[in-house]
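Below is one structure, written out as structure tokens; comments come after it.
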Amino acid sequence: VLEFGVGYSSLIIADALLKNKSDYEKLKVKPNIRKENMFELHSIDASKFWIKKFMNQIPKEFTSIINIHYSSVNISEFNNRICHFFKKLPNIIPDFIYVDGPAAYDVKGKIRGISFDKMERTVMNGDLLSIEPFFIPGIFILIDGRTNMARFLKNNFQRNYRYIHNHKNDTHEFELVESSLGIYNTRMLDYCKLNKKFYK
């Protein structure tokens with residue numbers, strides 16, 4: 001899992017991963033999946049304050065699951081559209097991405113006089129667009145709020161996603177529903193029990 005923004009969500013995700021890991025280890029015959037970093041959460045944040053605060057409350061049983069990464073985040077452009085990018089991302093291939101960060105005030109810099117230090121200016125993640133070519137069919141992206149950013153992603157993603165805006169919960173879901181890349185991807189999709197009608 002790749003998470004943008006540490007917080008209570010990190011604990012919930014870590015708890016789910018720990019349960020998934022326990023279920024996987026109980027299997028008598030494990031699927032032959034070509035996958036590194038199984039059952040790990042890599043959470044990135046631009047606030048040293050919130051990282052320190054979070055690190056002080058991680059339950060001991062989650063320390064092997066949660067990996068915290070600090071990186072600055074800077075204003076930039078994607079196809080001449082102003083957005084922002086973290087300077088450094090974890091070197092992983094995630095199956096699930098959760099977006100609830102960064103805060104607008106953590107975005108540094110200006111472009112043509114534009115900055116993110118205005119209260120009503122919405123955050124605009126460009127990171128997912130830059131790493132989209134590496135996404136594996138079946139990847140699931142959940143965005144907490146951030147509707148303007150979700151629309152930006154929807155309009156700039158170049159691959160085929162099932163998209164749902166849950167107005168009641170104020171969340172946005174993207175699921176990459178392309179055909180399988182091959183046997184290993186198929187085994188992963190089968191193991192995750194995804195809806196196979198999308199992956200013929």
Side-chain angles (χ1 to χ4, degrees), residues 1-21 33 35-47 50-51 54 62 65-71 73 76 78 83-104 106-107 122-166 169-178 180-181 185 188-189 191-195 198-199:
V1 176
L2 173 60
E3 178 187 36
F4 291 88
V6 301
Y8 290 115
S9 58
S10 309
L11 301 179
I12 294 170
I13 292 170
D15 182 63
L17 286 172
L18 197 62
K19 291 174 181 176
N20 288 349
K21 183 178 181 180
I33 297 173
K35 184 69 182 175
E36 295 183 45
N37 308 103
M38 292 181 70
F39 312 112
E40 291 183 5
L41 166 62
H42 291 262
S43 185
I44 183 170
D45 205 293
S47 171
W50 286 112
I51 287 177
F54 177 75
F62 292 163
I65 300 289
I66 299 177
N67 301 271
I68 304 298
H69 306 266
Y70 166 78
S71 174
V73 59
S76 188
F78 182 87
C83 58
H84 54 71
F85 292 93
F86 278 90
K87 186 175 181 179
K88 186 176 181 181
L89 296 175
N91 187 24
I92 62 170
I93 307 294
D95 301 306
F96 174 59
I97 298 176
Y98 180 76
V99 184
D100 192 26
D106 284 326
V107 180
T122 57
V123 290
M124 207 58 58
N125 183 306
D127 294 290
L128 299 187
L129 300 175
S130 68
I131 64 175
E132 184 190 15
F134 298 111
F135 288 171
I136 303 298
I139 188 173
F140 191 90
I141 301 167
L142 179 62
I143 299 172
D144 190 349
R146 300 164 183 262
T147 296
N148 210 23
M149 187 195 80
R151 291 172 179 171
F152 171 69
L153 292 172
K154 183 174 182 288
N155 290 331
N156 285 278
F157 275 147
Q158 298 181 2
R159 300 172 71 179
N160 186 36
Y161 297 87
R162 178 185 63 86
Y163 168 73
I164 295 175
H165 179 191
N166 186 320
N169 294 327
D170 192 23
T171 58
H172 302 263
E173 303 172 10
F174 293 85
E175 182 180 12
L176 184 56
V177 289
E178 297 175 341
S180 169
L181 299 179
N185 188 204
M188 184 70 180
L189 294 171
Y191 175 69
C192 293
K193 298 178 181 175
L194 295 174
N195 191 336
F198 294 126
Y199 308 104

Taking E40 for its side chain and N67 for its backbone only, find out whether a donor-acceptor pair lies under 3.5 Å. no
Between C83 and G126, which heavy-atom pair has the shortest distance, and what is it? SG-CA, 4.0 Å
Stepwise, does the side chain to side chain contact (heavy atoms under 4.5 Å, CB included) test hold for K21 with M38? CA-CA 8 Å; K21 183 178 181 180; M38 292 181 70; over 6 Å; no
Nearest heavy-atom approach of F134 to I93 is O-CG2, 4.1 Å
Do the non-hydrogen side-chain atoms of F62 and L17 ever get within less than 4.5 Å of each other? no
Under the side chain to side chain contact (heavy atoms under 4.5 Å, CB included) rule, what do I136 and M188 come out as? Steps first, then yes or no, please. CA-CA 10 Å; I136 303 298; M188 184 70 180; over 6 Å; no
Please report the interatomic distance NE2(H165) to OG1(T171), rounded to the nearest 0.5 Å. 7.0 Å
Taken to the nearest 0.5 Å, the spacing of K87 NZ from Y70 OH works out to 9.0 Å
Of all residues at least two apart in sequence or in a different chain, which pass the salt bridge (Lys or Arg N to Asp or Glu O under 4.0 Å) check with K19? D15
Under the criterion ring pair (Phe, Tyr, Trp, His ring centres under 6.0 Å), which of F78, Y163, F174 is the partner of F157? F174
How long is the span from the CD1 atom in I13 to the OH atom in Y8, to the nearest 0.5 Å? 15.0 Å
NZ (K35) with more than 12 external heavy atoms under 6.0 Å: yes
Hey, could you give me the CD/CG distance between E132 and L176, rounded to the nearest 0.5 Å? 7.5 Å
Without placing hydrogens or testing angles, list every side-chain donor-acceptor pair under 3.5 Å for residues 139-153, not counting sequence neighbours.
from, atom 1, to, atom 2, distance (Å)
D144, OD2, Y98, OH, 2.9
R146, NH1, P102, O, 3.1
R146, NH2, D100, O, 3.3
R146, NH2, P102, O, 3.2
T147, OG1, H172, NE2, 3.0
N148, ND2, T122, OG1, 3.0

Steps toward ring pair (Phe, Tyr, Trp, His ring centres under 6.0 Å) verdict (F86, F4): CA-CA 10 Å; F86 278 90; F4 291 88; 5.7 Å; yes
Shortest non-hydrogen separation from D45 to S47 and the atoms involved: OD1-N, 2.8 Å
Using a 6.0 Å cut-off, check whether atom CG of N166 has over 12 heavy atoms from anything other than its own residue. yes
If I compare all heavy atoms of S180 with all of L189, which pair ends up nearest, and what's the gap? CB-CD1, 4.4 Å
Atom CG in N156, atom CG in L128: separation rounded to 0.5 Å? 11.5 Å
Given the rule in the side chain to side chain contact (heavy atoms under 4.5 Å, CB included) test, do H69 and H42 qualify, once you have shown the distances and angles that lead to the verdict? CA-CA 7 Å; H69 306 266; H42 291 262; 2.9 Å; yes
For the atom pair CG (D127) and CG (L89), what is the distance rounded to the nearest 0.5 Å? 5.0 Å
Heavy-atom closest pair, residues P137 and R159: CD-NH2, 4.3 Å
On a heavy-atom basis, which atom in S43 and which in S10 lie closest, and how many Å separate them? OG-OG, 3.9 Å
